[in-house]
Amino acid sequence: MFDILMYLFENFIHSETEIRVDQDELTDELVRAGFHHDEIYKALSWLEKLAALQETDINPYFVKSGNSLVNRIYTQEEEMRLDVQCRGFLMFLEQINVLDSATREMVVDRVMEIDSKEFCLEDLKWVVLMVLFNVPGKENAYAQMEDLLFDEQEGPLH
């Protein structure tokens with residue numbers, strides 16, 4: 001499923017090609033690319049849920065605090081999917097204002113829906129990029145995340 005998301009992101013997001021909205025045509029193209037129908041369905045469902053998150057106003061549920069040391073508490077299932085490195089990276093992205101609490105929750109929500117036994121920091125970075133691309137008004141955060149993702153610096157990013 002994650003391979004399909006990456007395929008779609010790489011082939012449609014960064015190209016001048018108009019994104020296809022006809023699900024049947026898109027499904028046919030993905031089948032021709034070698035993906036299986038059940039995985040295609042899961043990936044398209046994942047994208048539909050991402051789009052639905054934009055329409056949900058979750059900001060009223062967040063406590064406003066002047067304290068910059070507020071941490072998110074992860075559930076046991078989230079900790080199993082997001083290892084210490086991933087959780088640290090999410091915190092780093094919040095500290096440099098790439099993510100806010102709402103977009104962080106969108107990222108966590110989308111990560112938890114990825115059907116993959118192996119999920120790593122590199123996968124998380126791509127999910128963050130996909131989420132930011134789909135949230136209006138986050139163009140600067142998207143550009144900053146793109147720089148972090150494609151920067152060839154030595155050593156860890158955080």
Side-chain angles (χ1 to χ4, degrees), residues 1-14 19 30 35-158:
M1 179 182 103
F2 193 70
D3 291 337
I4 296 170
L5 294 171
M6 293 299 299
Y7 175 88
L8 291 171
F9 193 71
E10 290 173 354
N11 286 295
F12 293 104
I13 302 307
H14 293 296
I19 297 174
L30 291 169
F35 298 110
H36 297 283
H37 281 283
D38 58 335
E39 295 298 313
I40 293 169
Y41 172 77
K42 290 176 187 176
L44 295 178
S45 175
W46 189 93
L47 289 170
E48 287 173 5
K49 290 177 182 175
L50 173 59
L53 285 174
Q54 293 178 48
E55 298 168 9
T56 306
D57 185 14
I58 59 175
N59 285 322
Y61 300 104
F62 296 114
V63 175
K64 304 294 183 212
S65 171
N67 184 356
S68 62
L69 300 176
V70 175
N71 289 320
R72 185 193 193 277
I73 306 299
Y74 291 88
T75 67
Q76 185 176 13
E77 293 82 16
E78 291 168 342
E79 286 182 350
M80 289 175 65
R81 175 58 57 99
L82 294 164
D83 64 15
V84 170
Q85 198 175 22
C86 289
R87 294 189 309 267
F89 187 70
L90 288 173
M91 183 184 296
F92 166 73
L93 292 178
E94 285 186 84
Q95 290 170 347
I96 64 169
N97 296 316
V98 168
L99 294 178
D100 56 25
S101 55
T103 52
R104 179 202 60 225
E105 290 307 307
M106 292 173 79
V107 168
V108 171
D109 179 80
R110 294 297 73 217
V111 165
M112 296 307 294
E113 291 293 320
I114 289 179
D115 187 18
S116 171
K117 293 191 187 309
E118 296 178 18
F119 189 83
C120 65
L121 180 59
E122 288 304 309
D123 297 339
L124 174 65
K125 292 175 184 178
W126 284 105
V127 171
V128 170
L129 203 60
M130 288 181 219
V131 167
L132 291 174
F133 179 83
N134 284 286
V135 177
K138 296 295 181 183
E139 293 80 11
N140 290 338
Y142 175 85
Q144 194 173 356
M145 183 61 206
E146 218 176 17
D147 289 343
L148 288 173
L149 185 63
F150 297 117
D151 192 11
E152 295 296 323
Q153 289 181 335
E154 297 280 330
L157 290 177
H158 62 285

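The basis for the numbers below is simple: all heavy atoms, side chains too, and nothing from hydrogens, waters or symmetry mates.
Glu39 places a side-chain N or O within 3.5 Å of a backbone atom of Met1 that can act as its donor or acceptor partner. Under a 3.5 Å cut-off, the side chain of Arg81 and the backbone N or O of Val111 do form a donor-acceptor pair.
Side-chain contact between Asn140 and Asn97: absent, with no pair of heavy atoms (C-beta onward) separated by less than 4.5 Å. The side-chain heavy atoms of Leu93 and Met145, taken from C-beta on, include a pair separated by under 4.5 Å. The side-chain heavy atoms of Val131 and Leu99, taken from C-beta on, include no pair separated by under 4.5 Å. Annotation: side chain of Leu148 is not in contact with side chain of Val128 (no heavy-atom distance under 4.5 Å). Inter-residue side-chain proximity for Leu132 and Val98 is flagged as met; some heavy-atom pair is nearer than 4.5 Å.
With rounding to the nearest 0.5 Å, the separation of CD in Glu122 from CG in Leu149 is 6.5 Å. Between atom CZ of residue Phe133 and atom CZ of residue Phe9 there is a gap of 6.5 Å, rounded to the nearest 0.5 Å. From Met130, atom CE reaches atom CE of Met106 across 13.5 Å, with rounding to the nearest 0.5 Å. Between Phe2 atom CZ and Ile114 atom CD1 the span is 5.0 Å, to the nearest 0.5 Å. In this structure, Asp109 CG and Lys49 NZ are separated by 8.5 Å, a value rounded to the nearest 0.5 Å. With rounding to the nearest 0.5 angstrom, the CG atom of Leu8 is 11.0 Å from the CG atom of Asp3.
Salt bridge annotation for Glu78-Arg87: absent, with no cationic side-chain nitrogen under 4.0 angstrom from a carboxylate oxygen.
Around the CE atom of Met6, the shell of radius 6.0 Å holds more than 12 heavy atoms that belong to other residues, nucleotides or ligands. Counting non-hydrogen atoms of neighbouring residues, nucleotides and ligands closer than 6.0 angstrom, the CG atom of Asp83 exceeds 12 such neighbours.
Between Ala43 and Ile4, the shortest heavy-atom contact is CB-CG2, 3.5 Å. The minimum heavy-atom distance between Cys86 and Cys120, with the atom names listed, is SG-C, 3.9 Å. Closest approach of Leu82 to Tyr74, counting heavy atoms only: CD1-CE2, 4.0 Å.
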